[in-house]
Amino acid sequence: MDTIFAEATPPGRGGVSVVRLSGPLARTTLESLAGPLPQPRRTTLRALRDGGDLIDRALVVWFEEGSSFTGEETGELHLHGAPVIANRLSHALLARGLRRAEAGEFSRRAFLNGRMDLAEAEGLADLLSAETEAQRRLAMRAAEGELGEKSDALRAKLIRAGALVEASIDFADEEVPDDVPAEVFALIEGVKCDIRQMLAAYPATERLRQGYEVAIVGPPNAGKSTLLNRIGQREIALVSDIAGTTRDTLELRTDLRGLPVTFLDTAGLRESRDPVEAMGIARARKRAAEADLRIYLSEDGRPVEVQDDEDISLRSKADLGNATDPAISALTGEGVAELLDLVYDRLRVRAADSGLVGHKRQAEALERVLRALEIDNSLAPEFLAESLRHAAHALATMVGRVGAEDYLDEIFSSFCIGK
């Protein structure tokens with residue numbers, strides 16, 4: 001296997017640049033640059049030399065095979081953060097037969113060497129892309145192996161059930177306790193109940209992982225773009241008294257008290273003969289319908305579209321008088337904080353329903369388990385045993401114990417180089 005290396009810190013000038021190595025040549029390569037190595041897991045300041053050329057004075061640490069993130073011999077060099085230093089070191093490593101790592105290759109090797117399961121790898125990818133506190137907490141649960149532990153517990157029940165069924169087949173001519181079939185079906189029902197709960201929480205978990213969308217909807221000149229600018233505290237949307245100024249959906253990604261929320265400024269809803277504006281209005285209606293929540297703004301406070309129970313209707317331009325509640329003024333900021341409180345309360349309830357399963361691949365594996373367990377008490381023991389094996393296999397695929405090859409490129413390509 002090749003020995004790989006990559007700069008694990010973001011490229012560019014900084015205080016420190018960390019270069020990571022992994023593979024069978026990691027230790028000998030470090031020794032050729034830094035001399036005799038310190039004890040594993042102990043950081044030491046060393047001069048890095050390529051022949052007679054002093055590259056840098058850096059902190060050096062190495063990890064033995066089986067005790068590193070990847071499971072291979074691994075080393076790290078903590079350099080001064082000038083790009084020219086990392087580049088000079090890269091040339092020295094290439095000359096020693098190492099190659100540059102591909103995106104996610106360190107994590108991929110950790111998976112292939114049994115240092116993490118596939119669900120943990122997906123959790124780590126989510127952690128690297130997390131933008132809010134809620135997403136971080138969700139990703140940490142996956143990265144710490146909670147889904148794998150749950151899968152193992154469910155598989156243990158299926159294996160127990162399968163063993164009891166096999167016993168009833170192998171010892172059919174001998175005395176078998178009468179409660180064996182009852183325990184088998186009790187175990188199966190328990191597994192099915194747990195999986196249904198996990199799948200019920202999947203939509204909320206996936207939404208939290210990807211982020212919520214809140215569409216600002218209303219007629220032209222209702223103050224939608226002004227509200228978007230007020231929430232973002234900068235000029236995002238062009239504001240004009242001319243109706244139809246906004247023709248395409250504008251987005252503002254925010255961290256709303258730990259929740260990932262994207263606010264959408266949509267085209268004003270009205271009948272238009274302008275084909276371009278009409279296209280924008282059609283897109284606005286479609287995007288608003290797909291959003292998690294809608295804020296209807298109008299000067300009279302009445303929604304111009306059919307709304308869901310949780311959608312919010314407000315009178316805009318409260319600064320112009322005609323005060324009726326509820327109302328806001330995006331221009332002055334009046335009522336905007338209260339609106340954001342209301343949006344947060346609506347979405348917080350949905351986030352509370354999230355669970356462990358946040359990826360479509362995981363949900364599909366659990367659905368295969370349920371299909372395999374759709375059995376009745378009259379099923380012959382041989383067919384029951386086969387159904388249990390299929391169910392256990394589907395659980396194993398969820399965490400990558402088997403059949404993970406089709407997903408590896410997709411999952412690890414989302415990682416940064418050096419991870």
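All values below were derived from every heavy atom in this structure, side-chain atoms included, with hydrogens, water molecules and symmetry-related copies excluded. Just so you know, these numbers come straight off a predicted model, no measurement behind them.
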J.: Okay, side chain of Gln233, backbone of Asn229: is any donor-acceptor separation there less than 3.5 Å?
T.: no
J.: Tell me if a side-chain donor or acceptor on Thr205 pairs with a main-chain N or O of Ser354 at a distance below 3.5 Å.
T.: no
J.: Which heavy atom of Val217 sits nearest a heavy atom of Ala288, and at what distance?
T.: CG2-CB, 3.8 Å
J.: May I ask you to say whether Arg137 pairs ionically with Glu133, meaning some side-chain N is under 4.0 Å from a carboxylate O?
T.: yes
J.: For the pair Arg348 (side chain) and Val343 (backbone), establish whether a donor and an acceptor sit closer than 3.5 Å, ignoring hydrogens and angles.
T.: no
J.: Which of these passes side-chain contact (heavy atoms from CB on, under 4.5 Å) with Leu79: Asp56, Thr9, Ile55?
T.: Asp56
J.: Under 3.5 Å, side chain of Arg346 to main-chain N/O of Glu310, donor-acceptor pair present?
T.: yes
J.: Is a salt bridge present between Arg253 and Glu131, judged by a nitrogen-to-oxygen distance below 4.0 Å?
T.: yes
J.: Treating Thr44 as the side-chain partner and Val60 as the backbone partner, does any N or O pair qualify as donor plus acceptor under 3.5 Å?
T.: no
J.: Between atom CG of Leu21 and atom CH2 of Trp62, what is the distance when rounded to the nearest 0.5 Å?
T.: 13.0 Å
J.: Do Ser151 side-chain atoms and Leu147 backbone N/O form a donor-acceptor pair below 3.5 Å?
T.: no
J.: Quick check: does any side chain N or O of Thr132 sit under 3.5 Å from a backbone N or O of Gly258, one acting as donor and the other as acceptor?
T.: yes
J.: Is it true that Glu386 and Arg389 have a side-chain N and a carboxylate O under 4.0 angstrom from each other?
T.: yes
J.: Roughly how far apart are Thr70 OG1 and Met1 CE, rounded to 0.5 Å?
T.: 9.0 Å
J.: Do the side chain of Ser68 and the main chain of Glu65 share a donor and acceptor less than 3.5 angstrom apart?
T.: no
J.: Are Arg96 and Asp50 within salt-bridge range, i.e. N to O under 4.0 Å?
T.: yes
J.: What distance do Leu158 atom CG and His393 atom NE2 have between them, rounded to the nearest 0.5 Å?
T.: 13.5 Å
J.: Please lay out, stage by stage, how Ile312 and Leu342 fare under the test side chain to side chain contact (heavy atoms under 4.5 Å, CB included).
T.: CA-CA 8 Å; Ile312 302 168; Leu342 192 56; 3.7 Å; yes
J.: For the side chain of Asp311 and the backbone of Leu293, is there at least one donor-acceptor N/O pair under 3.5 Å apart?
T.: no
J.: Between Glu364 and Arg361, does any NZ, NE, NH1 or NH2 come within less than 4.0 Å of an OD or OE carboxylate oxygen?
T.: no
J.: Between Glu73 and Arg27, does at least one N-O distance fall below 4.0 Å, as a salt bridge requires?
T.: no
J.: If we only count heavy atoms from C-beta on, is the Leu264 to Val214 side-chain gap below 4.5 Å?
T.: no
J.: Ignoring hydrogens and geometry, is there a side-chain-to-backbone donor-acceptor pair from Thr397 to Ala394 under 3.5 Å?
T.: yes
J.: Mind running salt bridge (Lys or Arg N to Asp or Glu O under 4.0 Å) on Asp126 and Arg136 for me, showing each step along the way?
T.: CA-CA 8 Å; Asp126 292 342; Arg136 182 196 65 80; over 6 Å; no
J.: With a 6.0 Å cut-off (strictly less than), is the heavy-atom count around CZ of Arg99, excluding the residue itself, greater than 12?
T.: yes
J.: Please check if the number of heavy atoms outside Gln39 that lie under 6.0 Å from its CD is greater than 12.
T.: no
J.: Can you measure from CD1 (Ile216) to CG (Leu339) and round to the nearest 0.5 angstrom?
T.: 8.0 Å
J.: Does the ring of Phe106 carry Arg20 above it, NZ/CZ under 6.0 angstrom from centre and within 45° of its axis?
T.: yes
J.: Does the pair Glu102/Arg108 count as a salt bridge with the N-to-O cut at 4.0 Å?
T.: no
J.: Does a side-chain N-to-carboxylate-O contact under 4.0 Å join Arg88 and Asp53?
T.: yes
J.: Looking at CZ of Arg46 and CG of Leu59, how far apart are the two atoms once the value is rounded to the nearest 0.5 Å?
T.: 11.0 Å
J.: With a sphere of 6.0 Å drawn around NE2 of His80, does it hold more than 12 non-hydrogen atoms of other residues, nucleotides or ligands?
T.: no
J.: Would you call Glu213 and Arg287 a salt bridge, using N to O less than 4.0 angstrom?
T.: yes
J.: Show the numbers, then the answer: is there a salt bridge (Lys or Arg N to Asp or Glu O under 4.0 Å) between Arg371 and Glu374?
T.: CA-CA 5 Å; Arg371 288 196 296 269; Glu374 289 302 324; over 6 Å; no
